[in-house]
Structure formats: C-alpha cells, structure tokens
*Asks:* 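I have a structure here, written as structure tokens, and I will follow up with some questions on it.
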Amino acid sequence: MLQATGANLEAFTALVTGARALPAGMRPSASITGRRIPLIGLAQAGSDGFFDDGGYPVGGSWDEVGLPEINDPHAYALEISGDSMEPVFRDGDIVIVSPSAPIRRGDRVVVRTRGGEVMAKQLQRRSAKRVELLSLNPAHPAYSFELSDVAWIHRIVWASQ
C-alpha cells in the first residue's frame, strides 16, 4: 500500500488514525492542533446555564478539549459519568457530540428531556410520537419518552477510548 500511495509509513499511519495528511518532510508540532471545543461533565449538564434553548453550549463554566477536525461549529464534549453505557463508554470517557449530525436508529446519542435530565444512550427507535433509548449496560433500564418531553437529541460522533 505504501508503494501504491507513494506515502512513507509515518504519513500512512497518520491517515489510518484519522490525522490530517502532512506534506512530505513536515513533522507535527504543538502548533498543529484540532479545534478546541467546550467540555463539561454529563452529571453537570442537567443543571441550568450550560445549554441555550436550542441545545447549544453556553456560559463560561465549560472546560475545553482538543479534538479531531469536526465540521460542526456547535460541537461539544461531555465526560461520561456512571456505568449505564459500559462496556462501550466508561466513567471518565470523553465523548464528542455534534448537534448537526443526522441521527438514525442504533446511534449513540445524548438526550436532554424538558425536565432537564441529560443522558447518554443508544437510540432504539424514534417515531412521530415517542423516543425509545437503550442503556448499553443490561443492568440499567431502557427509557421511553413522549417526543414532546424531549428538548433535543444530539449524536455522539467520537469517543476518547
């Protein structure tokens, strides 16, 4: 593959891991980084003042995390708390969430209810009236909400694992 692509091993492995291709002979440096986005703990996210009515992060209490290139200016990071998403996401893992990413059955999502509860789950089903969510850990219950009880659903597009 190296011969076919004309790349050296370093450039090829960078492409495999999702890094941007660098011109031949150029070494990565501290000045070459991805975009920085807001980071907050999942347990904190249910409190008022962290999201606007559209579900976008607001306020100055957010930390920041660097991430790979994601073309959503409203992307944000959450730190997973608890074990309801084990073994896929563990307590302390960081997930990147994109409000503009399309959502379909089976996607891992972050959901905020109108009551202020924020949770990371797997979307089992979404109809015109209901949203059904699964916890990946079978020790935790599945959830079902009337669509009118859901403020927003955003897709998890990247995880720190």
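Predicted model, so just to flag it, every value in this text is computed and none were measured.
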*Asks:* Which side-chain N or O atoms in residues 52-60 pair as donor and acceptor under 3.5 Å with protein atoms at least two apart or in another chain?
*Replies:*
from : atom 1 : to  : atom 2 : distance (Å)
D52  : OD1    : G54 : N      : 2.9
D52  : OD1    : G55 : N      : 3.0
D52  : OD1    : Y56 : N      : 2.9

*Asks:* Restricting to non-hydrogen atoms, name the atom on G46 and the atom on R112 that form the minimum distance, rounded to 0.1 Å.
*Replies:*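 G46 and R112 have their closest heavy atoms at O-NH2, 3.8 Å.
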*Asks:* Please identify each residue that fulfils side-chain contact (heavy atoms from CB on, under 4.5 Å) with R125, with sequence neighbours left out.
*Replies:*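 Expected list: R105, S127, E132.
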*Asks:* Checking R130 now: which residues fulfil salt bridge (Lys or Arg N to Asp or Glu O under 4.0 Å) with it, not counting sequence neighbours?
*Replies:*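 Only E146 meet the salt bridge (Lys or Arg N to Asp or Glu O under 4.0 Å) criterion with R130.
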*Asks:* Please report the interatomic distance CD1(I80) to CD1(I156), rounded to the nearest 0.5 Å.
*Replies:*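 That separation rounds to 5.5 Å.
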*Asks:* When rounded to the nearest 0.5 angstrom, what is the spacing between CD1 in I40 and CZ in F50?
*Replies:*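 Rounded to the nearest 0.5 Å, the CD1-CZ separation comes to 3.5 Å.
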*Asks:* Can you list the residues that meet the side-chain contact (heavy atoms from CB on, under 4.5 Å) rule with S100, with sequence neighbours excluded?
*Replies:*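 Expected list: D72, S98.
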*Asks:* Which residues pass the salt bridge (Lys or Arg N to Asp or Glu O under 4.0 Å) test with E117, sequence neighbours left out?
*Replies:*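 Expected list: none.
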*Asks:* Any donor and acceptor pair, going by atom type alone, linking the side chain of R108 with main-chain N or O of A120 inside 3.5 Å?
*Replies:*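 Not at all, since once roles are kept as given, no pair shorter than 3.5 Å links the two residues.
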*Asks:* If you measure from OG on S135 to CD on E86, what distance do you get to the nearest 0.5 Å?
*Replies:*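 It is 11.5 Å, given to the nearest 0.5 Å.
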*Asks:* Say whether L134 and V110 are linked into one hydrophobic cluster, either directly or through other cluster members, by side-chain heavy-atom distances under 4.5 angstrom.
*Replies:*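 L134 does not cluster with V110.
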*Asks:* Of the non-hydrogen atoms in S81 and A43, which two are nearest, and what is the gap between them?
*Replies:*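 The pair with the smallest heavy-atom distance is OG-N, 3.6 Å.
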*Asks:* Other than V131, what residues sit in its cluster of Ile, Leu, Val, Met, Phe, Trp and Tyr side chains whose heavy atoms are under 4.5 Å apart, directly or through others?
*Replies:*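 I103, V109, V111, M119, L123, L133, Y143, F145, L147, V150, I153, which link up through side-chain heavy atoms under 4.5 Å apart, make up the rest of the cluster.
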*Asks:* For P38 and W62, which heavy atoms make the closest approach, and how far apart are they?
*Replies:*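 Residues P38 and W62, closest heavy atoms: CB-CE3, 3.3 Å.
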*Asks:* What residues form a side-chain hydrogen bond (donor to acceptor under 3.5 Å, both in side chains) with T113, not counting sequence neighbours?
*Replies:*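 Partners of T113 by the side-chain hydrogen bond (donor to acceptor under 3.5 Å, both in side chains) criterion come out as none, since no residue qualifies.
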*Asks:* I need the minimum non-hydrogen distance between S84 and K121, along with the two atoms involved.
*Replies:*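 Shortest heavy-atom separation between S84 and K121 comes out as OG-NZ, 3.2 Å.
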*Asks:* Can you tell me how far CD1 of I94 sits from CG of L78, rounded to the nearest 0.5 angstrom?
*Replies:*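 One finds 9.5 Å between CG of L78 and CD1 of I94.
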*Asks:* Would you check, one step at a time, whether the test side-chain contact (heavy atoms from CB on, under 4.5 Å) holds for E79 with D63?
*Replies:* CA-CA 11 Å; E79 185 176 335; D63 199 353; over 6 Å; no
*Asks:* Name all residues meeting the side-chain hydrogen bond (donor to acceptor under 3.5 Å, both in side chains) criterion together with N137; count only those two or more places apart in sequence or in a different chain, and write none if there are none.
*Replies:*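 N137 satisfies side-chain hydrogen bond (donor to acceptor under 3.5 Å, both in side chains) with no other residue.
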*Asks:* Is any side-chain heavy atom of V118 less than 4.5 Å from a side-chain heavy atom of Q44?
*Replies:*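 No; the side chains remain at least 4.5 Å from each other.
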*Asks:* Which residues pass the side-chain contact (heavy atoms from CB on, under 4.5 Å) test with R104, not counting sequence neighbours?
*Replies:*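 Expected list: D107, R155.
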